[in-house]
Amino acid sequence: MSEAPRSKALYDRATRVLPGGNTRTTVFVAPHPLYARAGHGCRVTDVDGVTRLDFVNNYTSLIHGHGHPTVTAAIADQLTRGTCFAMPTEAEVALAELICDRLPTAERIRFTNSGTEAVMMAVKAARAYTGRPKIAKVEGAYHGSYDFVEASMAPSPENWGEPDPTPVPYAKGTPQGVLDDVVVIPLNDPAAAERILAPHADELAAILIDPLPFRAGLIPAQAAFLEFVRAFARNHGTLLIFDEVISFRLGYHGAQGVFGVEPDLTTLGKIIGGGLPVGAVAGRADVMAVFDPSGGKAALPHGGTFNANPLTMAAGRAAMEALPPEAIDRLNALGAQARAALGEAFAAAGVPGQVSGMGSLFRVHFHARPLTGYRAAYAHPEERARLQAFYWGLAERGVLISSDGLGAISTPMGTSEVQALAEAALGALRSL
Ligand code: PMP
């Protein structure tokens with residue numbers, strides 16, 4: 001990386017009070033992260049005064065970039081009336097109505113403060129509804145930090161199990177009891193999934209599926225795989241949960257609208273909060289009834305001091321209202337351009353690599369293996385090193401993607417920003 005003295009000084013100061021220098025594993029990058037000062041539209045300025053094009057968008061949550069005028073106005077308006085109450089608000093009702101309108105399978109919804117909590121509550125809802133303990137998930141898929149969904153989130157060739165995945169702990173100290181209640185299936189392999197799931201069929205509360213799992217490669221789930229999990233769940237009294245925390249942005253009716261699948265529950269986050277902390281679990285009314293305390297005690301009590309706080313609700317509503325179908329189509333077209341341009345940059349630079357993704361999302365890979373699933377996408381040490389060098393090469397050329405290779409288009413962007421990304425990528429790849 002080139003000199004960033006103020007970021008370096010902040011990092012040194014930070015490590016005296018924050019382990020690793022910040023509060024978010026994902027934003028650490030060696031030798032130290034760039035610390036942000038401000039963001040405007042699709043650009044972010046760091047504390048050293050360097051402004052860059054932002055393709056991270058806080059890991060895809062800022063679909064309108066930074067400081068979108070109607071989102072900012074909605075937050076400012078709510079601020080004058082209070083930030084949180086131990087009372088529900090109309091802002092909560094309005095965002096709930098908006099999302100239930102857009103998401104075909106959302107008959108009811110409840111809000112959380114993060115995608116992690118949304119997934120946790122969806123899993124607990126499935127357990128409460130079915131009275132069963134186990135969940136199934138796709139190898140390598142990230143669903144936040146609830147212990148159960150962390151299983152096999154980042155297994156390595158040494159421990160991932162052959163030929164079928166075995167549940168591998170992510171965090172040191174994960175209880176074996178947690179792993180015993182998780183079943184891990186490979187992406188896009190219905191035959192293997194059936195073989196692995198069948199012995200657990202009567203104990204499975206839910207199958208948790210992200211139809212475009214970033215950490216498993218940002219490889220779209222195939223129709224045959226989705227048809228299989230939908231049918232298996234239905235046939236065995238198991239719920240199908242779609243994790244659309246990232247992938248809701250793929251279509252006006254979410255990823256499920258694009259993939260043509262009807263999950264029983266859906267988890268949301270990121271873009272639905274307009275840049276403020278958010279998550280949501282939505283789905284079938286009979287399942288969501290587990291949250292309902294009106295008949296006495298809810299089957300699944302769900303507290304949370306800041307759940308559905310009106311600032312987030314107002315910001316989320318403004319952000320969603322500024323995202324009509326045409327805006328999503330435009331983002332998706334720019335995403336296709338970005339993937340194509342990055343692929344051309346790899347070819348022109350003669351560096352082995354490829355780009356995956358869908359809609360307005362892309363991920364770069366420093367290898368040319370066919371992207372069939374987590375194991376093929378798994379970055380080996382030298383590939384990770386090249387990705388890290390590429391990250392800094394882009395940053396030196398005025399472009400930010402995430403240090404794990406993810407990029408997202410935001411509405412303030414256009415073809416010139418995609419071109420700037422492609423030029424920076426070519427320069428960065430040539431200098432590897
Ligand atoms: N599910 C998916 C698919 C995600 O990508 C993420 C976050 N990147 C989460 C859940 C967790 O969301 P949060 O970071 O808001 O807790």
Side-chain angles (χ1 to χ4, degrees), residues 22-28 55-63 103 110-126 135-154 170-171 182 187 206-221 226 240-251 254-256 258-259 261 263 265-283 304 306-309 312 315-316 319 356-363 374 377 401-408:
N22 77 75
T23 304
R24 198 171 166 194
T25 308
T26 13
V27 300
F28 177 79
F55 284 90
V56 194
N57 292 300
N58 195 27
Y59 270 84
T60 81
S61 50
L62 296 166
I63 200 155
L103 197 64
R110 277 178 85 103
F111 294 102
T112 62
N113 294 295
S114 67
T116 285
E117 283 172 70
V119 171
M120 177 175 76
M121 294 318 295
V123 166
K124 292 172 80 167
I135 60 157
K137 65 160 287 189
V138 165
E139 182 172 48
Y142 182 70
H143 300 284
S145 22
Y146 185 36
D147 303 42
F148 296 85
V149 303
E150 275 188 342
S152 289
M153 189 188 112
Y170 179 60
V182 182
L187 180 71
I207 305 175
L208 175 62
I209 300 288
D210 177 345
L212 185 63
F214 160 51
R215 304 240 188 144
L218 206 69
I219 305 161
L226 293 175
L240 178 62
I241 305 173
F242 255 32
D243 183 351
E244 297 202 23
V245 167
I246 288 188
S247 56
F248 182 58
R249 61 156 57 217
L250 292 179
Q256 56 202 252
V258 174
F259 287 87
V261 176
L265 292 176
T266 303
T267 55
L268 302 169
K270 310 251 190 211
I271 67 168
I272 67 157
L276 296 187
V278 79
V281 49
F306 295 102
N307 288 359
N309 72 79
T312 294
S356 63
M358 189 177 170
S360 49
L361 299 165
F362 62 83
R363 175 177 161 179
Y374 174 75
I401 64 168
S402 82
S403 60
D404 43 12
L406 177 68

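Owing to the predicted nature of the structure, the values given are computational and were not obtained by experimental measurement. Residues take their numbers from the sequence shown, with the count starting at 1. Counting convention: from 1, in listed order, for ligands and their atoms alike.
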**Q** Test F214 against D404 for side-chain contact (heavy atoms from CB on, under 4.5 Å), laying out the working first.
**A** CA-CA 10 Å; F214 160 51; D404 43 12; 3.6 Å; yes
**Q** Please round to the nearest 0.5 Å and tell me the distance separating atom OH of Y170 and atom OH of Y142.
**A**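 Rounded to the nearest 0.5 Å, the OH-OH separation comes out at 7.0 Å.
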**Q** Of all the atoms in ligand 1, which lie at a distance below 4.0 Å from a heavy atom belonging to D210?
**A** 3 (C)
**Q** Which residue from M120, R24, E244, K270 reaches closest to atom 8 (N) of ligand 1 through any of its heavy atoms?
**A**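 Of the listed residues, K270 has the closest heavy atom.
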**Q** Starting from atom 10 (C) of ligand 1, which protein heavy atom do you reach first, and at what distance in Å?
**A**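 Checked against all protein heavy atoms, atom 10 (C) of ligand 1 sits closest to H143 C, 3.4 Å.
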**Q** Is it true that Y142 lies under 4.0 Å from ligand 1, counting heavy atoms only?
**A** yes
**Q** Enter the distance from I272:CD1 to L103:CG here, rounded to the nearest 0.5 Å.
**A**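 Here the interatomic distance stands at 9.5 Å.
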**Q** Using non-hydrogen atoms of the residue, decide whether R215 is closer than 4.0 angstrom to ligand 1.
**A**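 R215 does not count as a contact of ligand 1 under the 4.0 Å cut-off.
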**Q** Atoms of ligand 1 less than 4.0 Å from I246 heavy atoms?
**A**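 Taking each heavy atom of I246 in turn, ligand 1 has 5 (O) under 4.0 Å.
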**Q** Is there a donor-acceptor pair under 3.5 Å between the side chain of N58 and the backbone N or O of S61?
**A**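 No, N58 side chain to S61 backbone: no donor-acceptor pair under 3.5 Å.
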**Q** What protein heavy atom is closest to atom 12 (O) of ligand 1, reported as residue, atom name and distance in Å?
**A**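 Ranked first by proximity to atom 12 (O) of ligand 1 is G115 CA, 3.2 Å.
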**Q** I'd like to check the salt bridge (Lys or Arg N to Asp or Glu O under 4.0 Å) partners of E117; sequence neighbours left out, ordered by chain and number.
**A**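 Here no residue qualifies.
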**Q** Just by distance, no angles: are the side chains of R249 and T60 close enough, under 3.5 Å, to form a donor-acceptor pair?
**A** no
**Q** Does the protein put a heavy atom under 4.0 Å from atom 14 (O) of ligand 1?
**A**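 No.
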**Q** Which of the atoms in ligand 1, numbered in the order shown and given with their element, are less than 4.0 Å from a heavy-atom of S114?
**A** 15 (O), 16 (O)
**Q** Apply side-chain contact (heavy atoms from CB on, under 4.5 Å) to the pair L187 and E139, showing each step before the final yes or no.
**A** CA-CA 7 Å; L187 180 71; E139 182 172 48; over 6 Å; no
**Q** Taking atom types as modelled, find out whether E150 and S145 have a side-chain donor-acceptor pair closer than 3.5 angstrom.
**A**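 No - no donor-acceptor pair under 3.5 Å links their side chains.
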**Q** Using a 4.0 Å heavy-atom cut-off, which part of T116 comes near ligand 1: side chain, backbone, both, or neither?
**A**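 It is both backbone and side chain that touch ligand 1.
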**Q** Looking only at protein heavy atoms, identify the closest one to atom 2 (C) of ligand 1 and say how far it is in Å.
**A** D243 OD2, 3.4 Å
